[in-house]
Amino acid sequence: MASLTCALSNEVPDCPVVSPVSGQVYERRLIEKYVTEAGIDPINKEPLTIEQLIEVKCSPLVKPKPPSATSIPAILKSLQDEWDAVMLHSFTLRQQLQTARQELSHALYQHDAACRVIARLNKEVTAAREALATLKPQAVAGTPLLHTPSHAPPTPGHDQAAAVAAGGAGTQEASGMTGDIVEKLQEKATVLTQERKRRGKTVPEDLCTAEKIKEFVSQSSHPGLHSASVPGILAVDISPADSAKILTGGADKNATVFNKDLEQVVAVLKGHTKKVNRVVFHPTEDIVITGSHDSTVRVWNVPNSSTTSILRVHDGPVTGLSLHATGDYVLTTSTDQHWAFSDIRTGRLVSRVQDSSAPVALTCAQFHPDGLIFGTGTADAQIKIWDLKEQSNVANFPGHAGQISALSFSENGYYLATAADDSCVKLWDLRKLKNFKTLQLEDGYEVRDLCFDSSGTYLAVAGSDVRVYLCKQWNELKVMNDHTAMATGVRFGENSQYIASTSMDRTLKIYGNQ
């Protein structure tokens with residue numbers, strides 16, 4: 001029969017016992033001391049009491065005496081050797097303990113230093129974010145501060161003063177569509193049509209290719225253009241005359257002109273009393289037009305950040321804003337169910353029209369590239385095409401579900417892109433007056449803005465993300481998910497070399513090739 005071995009001393013026990021917890025055999029005196037001190041089984045660390053130990057009945061084992069232990073000197077020598085071995089082992093253990101203490105102390109010091117560095121960096125990041133959020137952009141150093149509306153309101157001209165006075169009691173009176181205006185519109189449309197025919201189907205040599213757009217990445221993000229207390233940038237436009245200048249309208253009641261190349265705010269336009277949700281750049285002059293929920297449209301002189309005229313042509317929030325190709329007239333729509341055609345030079349209302357057959361709030365508007373017709377979107381899912389000279393509704397495009405959120409005419413003059421609260425973008429052929437393509441988006445996708453590039457080659461969609469489609473094939477080129485909230489506006493830079501988008505996350509983002 002094989003002898004039992006103690007799991008603690010690895011020797012044959014004189015009085016063996018078995019632990020029912022681990023099934024191991026122990027010397028009784030050793031295990032009792034261990035259990036008294038620790039209260040657990042030394043092998044599997046489970047709770048164990050002395051009463052649980054089971055004594056093993058076995059024949060007493062007589063250990064033979066070693067030959068060297070047959071005399072007292074030999075026994076003393078053996079004890080001395082064992083004592084020396086114990087002392088050496090104890091010294092080795094003390095050395096290992098000292099080394100372990102030093103390593104632990106060093107590790108704790110490193111951990112403490114790392115925690116301090118992380119805490120300092122977190123504090124600096126928080127301070128930087130707060131400073132950025134509360135940053136109030138200033139105009140370029142060369143622009144005197146006294147010229148901004150916050151310091152000295154501009155002195156209105158006679159026409160503007162009359163408009164303000166008239167606006168105090170309500171909207172302005174329409175002067176009517178005169179023969180001179182109609183002639184001016186027709187002449188411009190003829191010139192634009194001839195230019196389009198001359199260009200034919202050729203695209204600009206410097207136009208960004210589809211392959212390059214597929215490689216677009218976020219080049220920069222600018223969160224400090226508008227106040228952080230009322231977050232959200234609601235509209236964007238890019239200057240046709242200087243592609244580096246970007247105009248934004250914010251929920252903080254201000255519009256901001258930003259130079260992306262200099263990464264500097266050019267002007268902060270203050271004057272609206274409610275959020276600015278529509279903005280547009282003049283094609284040739286340093287002038288911008290803004291529409292607001294305060295029911296007014298303002299024309300601004302960018303160099304001195306001043307209002308040149310105020311158009312009070314609506315009784316409700318301005319929902320649509322489009323500048324005519326002549327650069328002299330602006331089209332606006334509102335929840336008051338009217339569209340208005342106004343002269344930005346004189347600040348006078350030319351005509352104000354309501355669709356009497358189906359009065360409903362208007363949600364967006366844009367001029368056709370030729371300027372003789374324009375489109376409006378309604379709150380009841382209708383797209384209406386209007387003849388500007390006759391001031392009449394000439395075509396309707398049904399098919400959407402929900403409020404129309406955006407529409408955009410292609411530069412080729414044939415296509416119209418529209419979106420509503422139905423997670424799709426519809427393309428319409430203005431020659432055949434029918435829907436020829438529907439870009440179905442994911443369920444729950446919200447579209448807030450649409451924009452064709454200046455050549456009619458690409459279509460950008462802003463909403464739950466920012467997307468770019470290649471026209472004619474209508475295949476998706478790029479999806480950009482850099483915004484952390486709903487994208488509210490998107491525009492192409494010159495020759496589509498870059499894309500700018502705005503969002504409710506307070507940022508203006510620039511996309512392009514690295």
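Just the heavy atoms: all of them, side chains too, but no hydrogens, waters or symmetry mates, feed the values below. Remember, predicted model here, so these are calculated numbers, not experimental data.
- Under 3.5 Å, the side chains of Glu263 and Asn259 contain no donor-acceptor pair of N or O atoms.
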* To do: Could you go through the side chain to side chain donor-acceptor pair (under 3.5 Å) check for Lys274 and Ser292 one step at a time?
  => CA-CA 6 Å; Lys274 292 185 179 179; Ser292 167; over 6 Å; no
* To do: Begin from the C-alpha positions of Val468 and Tyr511 and carry the test side chain to side chain contact (heavy atoms under 4.5 Å, CB included) through to its verdict.
  => CA-CA 11 Å; Val468 181; Tyr511 308 93; over 6 Å; no
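- Under a 3.5 Å cut-off, the side chain of Asp453 and the backbone N or O of Tyr458 do form a donor-acceptor pair.
- A distance-only check finds no donor-acceptor pair linking the side chain of Ser496 to the backbone of Leu207 [under 3.5 Å].
- The list of side chain to side chain donor-acceptor pair (under 3.5 Å) pairs with a residue in residues 476-485, not counting sequence neighbours, reads Arg467-Glu476, His483-Ser501, His483-Asp505, His483-Thr507, Thr484-Asp505.
- The distance from the CD atom of Gln366 to the OG atom of Ser322 is 5.0 Å, given to the nearest 0.5 Å.
- Defined by atom type and a distance below 3.5 Å, a donor-acceptor pair is present between the side-chain atoms of Trp300 and Thr290.
- The backbone N or O of Leu362 lies less than 3.5 Å from a partner atom in the side chain of Thr319, making a donor-acceptor pair.
- Lys253 is linked by a side-chain contact (heavy atoms from CB on, under 4.5 Å) to nothing, counting only residues two or more places apart in sequence or in another chain.
- Within the 4.5 Å cutoff, the side chain of Glu211 has no heavy atoms near those of the Ile213 side chain.
- Formation of a donor-acceptor pair under 3.5 Å by the Thr5 side chain with backbone atoms of Asn10 is not found in this model.
- Residues forming a side-chain hydrogen bond (donor to acceptor under 3.5 Å, both in side chains) with Asp112 (at least two apart in sequence, or on another chain): Arg116.
- Heavy atoms from other residues, nucleotides or ligands lying under 6.0 Å from CG of Leu108 number more than 12.
- One distance of note links OH of Tyr445 with CG of Leu439; it measures 11.0 Å at 0.5 Å rounding.
- Of the possible polar contacts, none joining the Ser423 side chain to the Leu441 backbone as a donor-acceptor pair under 3.5 Å is found.
- The backbone N or O of Ala485 sits less than 3.5 Å from a side-chain atom of Ser503, completing a donor-acceptor pair.
- Annotation: Lys275, atom NZ; neighbour count of heavy atoms from other residues, nucleotides and ligands within 6.0 Å does not exceed 12.
- The closest donor-acceptor contact from the side chain of Gln264 to the backbone of Phe258 lies at 3.5 Å or more, if one exists at all.
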* Asked: Yes or no on side chain to side chain contact (heavy atoms under 4.5 Å, CB included) for Val266 and Val302, after CA distance, side-chain angles and deciding distance?
  -> CA-CA 8 Å; Val266 176; Val302 174; 4.2 Å; yes
* Audit row: Val279, Ile289, side chain to side chain contact (heavy atoms under 4.5 Å, CB included) steps and yes/no -> CA-CA 6 Å; Val279 297; Ile289 302 99; over 6 Å; no
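- A donor-acceptor pair under 3.5 Å is formed between the side chain of Thr126 and the backbone N or O of Asn122.
- Ring geometry for Trp474 versus Phe452: interplanar angle over 60°, hence perpendicular rather than tilted (30 to 60°).
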* Begin with the C-alpha distance, continue with both residues' side-chain angles, and end with the deciding distance and a verdict on side chain to side chain contact (heavy atoms under 4.5 Å, CB included) for Leu4 and Val12. => CA-CA 6 Å; Leu4 302 175; Val12 178; 5.7 Å; no
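- In this structure, Thr418 and His400 have side chains that are in contact, with non-hydrogen atoms separated by less than 4.5 Å.
- Residues Val17 and Val25 are not in side-chain contact: their nearest non-hydrogen atoms beyond the backbone lie 4.5 Å or more apart.
- Atoms NE2 and NZ, from His222 and Lys260 in turn, are 8.5 Å apart once rounded to the nearest 0.5 Å.
- Counting only residues at least two apart or in different chains, side chain to side chain donor-acceptor pair (under 3.5 Å) contacts with residues 96-107 comprise His106-Gln110.
- Looking at residues two or more places apart in sequence or on another chain, you find a side-chain contact (heavy atoms from CB on, under 4.5 Å) between Val217 and Gln514.
- Legend: residues meeting side-chain contact (heavy atoms from CB on, under 4.5 Å) with Ala500, ordered by chain and number and at least two apart, are Ile238, Ile246, Tyr498, Leu508, Ile510.
- Using modelled atom types, one finds no donor on one side chain facing an acceptor on the other under 3.5 Å when comparing His293 with Ser295.
- Side chain of His314 to backbone of Gly316: no donor-acceptor contact under 3.5 angstrom is found.
- In this structure, CG in Leu477 is found 5.0 Å from CG in Leu470, a value given to the nearest 0.5 Å.
- Ion pair Arg491/Asp449 flagged as a salt bridge, since at least one NZ, NE, NH1 or NH2 atom sits closer than 4.0 Å to an Asp/Glu carboxylate oxygen.
- Judged as a side-chain hydrogen bond (donor to acceptor under 3.5 Å, both in side chains), and not counting sequence neighbours, the contacts of Asp252 are His226.
- The one candidate from Thr273, Val318, Val276 that meets the side-chain contact (heavy atoms from CB on, under 4.5 Å) condition with Asp294 is Thr273.
- Checked against salt bridge (charged side-chain N to carboxylate O under 4.0 Å, His left out), Glu411 has the following partners two or more places apart in sequence or in another chain: Arg196, Arg199.
- To the nearest 0.5 Å, the span separating CD on Glu494 from CG on Asp242 amounts to 9.0 Å.
- Take Asp41 and apply the side-chain hydrogen bond (donor to acceptor under 3.5 Å, both in side chains) test, not counting sequence neighbours, and it matches Ser19, Ser22, Tyr26.
- Residues Arg448 and Ser405 bring no donor and acceptor atom of their side chains to less than 3.5 Å of each other.
- Side-chain atoms of Glu27 come within 3.5 Å of backbone atoms of Asp14 as a donor-acceptor pair (strictly under, hydrogens ignored).
- Judged purely by distance below 3.5 Å, without hydrogens or angles, the side chains of Thr488 and Thr502 pair a donor atom with an acceptor atom.
- The CH2 atom of Trp83 lies 14.5 Å from the CG atom of Leu76; values are rounded to the nearest 0.5 Å.
- In terms of the side-chain contact (heavy atoms from CB on, under 4.5 Å) criterion, residue partners of Thr438 (sequence neighbours excluded) are, by chain and number, Cys424, Lys426, Asn435, Gln440.
- Legend: residues meeting salt bridge (charged side-chain N to carboxylate O under 4.0 Å, His left out) with Lys77, ordered by chain and number and at least two apart, are Asp81.
- Residues Ser305 and Val268 fail the side-chain proximity criterion, which asks for heavy atoms closer than 4.5 Å.
- The shortest distance between side-chain heavy atoms of Val236 and Val490 does not fall below 4.5 Å.
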Taking distance alone, no hydrogens or angles, what donor-acceptor pairs closer than 3.5 Å link side-chain atoms of residues 45-55 to residues at least two apart or in another chain?
from  : atom 1 : to    : atom 2 : distance (Å)
Lys45 : NZ     : Pro42 : O      : 3.4
Thr49 : OG1    : Gln52 : OE1    : 3.2
Gln52 : OE1    : Thr49 : N      : 2.9

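- The shortest distance between side-chain heavy atoms of Val288 and Leu269 falls below 4.5 Å.
- The pair Lys33-Glu37 fails the salt-bridge criterion, with no side-chain N (NZ, NE, NH1 or NH2) lying under 4.0 Å from an Asp/Glu carboxylate O.
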